[in-house]
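Contents: one structure, followed by commentary.
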Amino acid sequence: MSDLPPDLDRLRTLETWLALSLKRVREEIAAAERPAQPRRSPRKPAAARAAVPCREPTPDGGISLAGIGRSVAEIHRGDCFTGGVIQPVSAERARAELADGVQACGVCRPDRVLNRS
């Protein structure tokens, strides 16, 4: 026997209340931890910060291989949002694959960008 309400409306209300409560608890924890954190050194100038990458750079291009759900391989731009698993490749390899007849993605159209260089 469950101590939770049986209907969806009350379960959703309880879910919302729990999410808000958890957010408040996390905010209180963060506030309590703030004074315990050591003081940080002053920030570096913007030019010095810009030289350090925050994340891996977006690849020039990518290739999605034929397989389940895909009948043919496609070349994509590195920032393509169409989903799926895309193997990163250099611009040179993407150009070579396009020249060899691999299909370009119809959404991000890497052939338009890669053929400019």
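Quick caveat: nothing in here was measured; it's all calculated off a predicted structure.
- For residues 5-16, the set of pairs meeting the side chain to side chain donor-acceptor pair (under 3.5 Å) definition, not counting sequence neighbours, comprises D7-R10, R12-E15.
- Residue I29 shares its hydrophobic cluster (ILVMFWY side chains chained together at separations under 4.5 Å) with V25.
- Distance check: S64 OG to H76 NE2 gives 3.0 Å after rounding to the nearest 0.5 Å.
- By the side-chain hydrogen bond (donor to acceptor under 3.5 Å, both in side chains) test, Q103 pairs with E74, sequence neighbours left out.
- Scanning for side-chain contact (heavy atoms from CB on, under 4.5 Å) contacts around A96 gives an empty result, with sequence neighbours left out.
- Counting side-chain heavy-atom gaps under 4.5 Å among Ile, Leu, Val, Met, Phe, Trp and Tyr, the cluster of L11 also holds L4, L14, W17, L18.
- Residue pairs meeting the salt bridge (Lys or Arg N to Asp or Glu O under 4.0 Å) criterion with at least one member in residues 97-108, sequence neighbours excluded, are R93-E97.
- Minimum heavy-atom separation, I75 to P110: O-CG, 3.2 Å.
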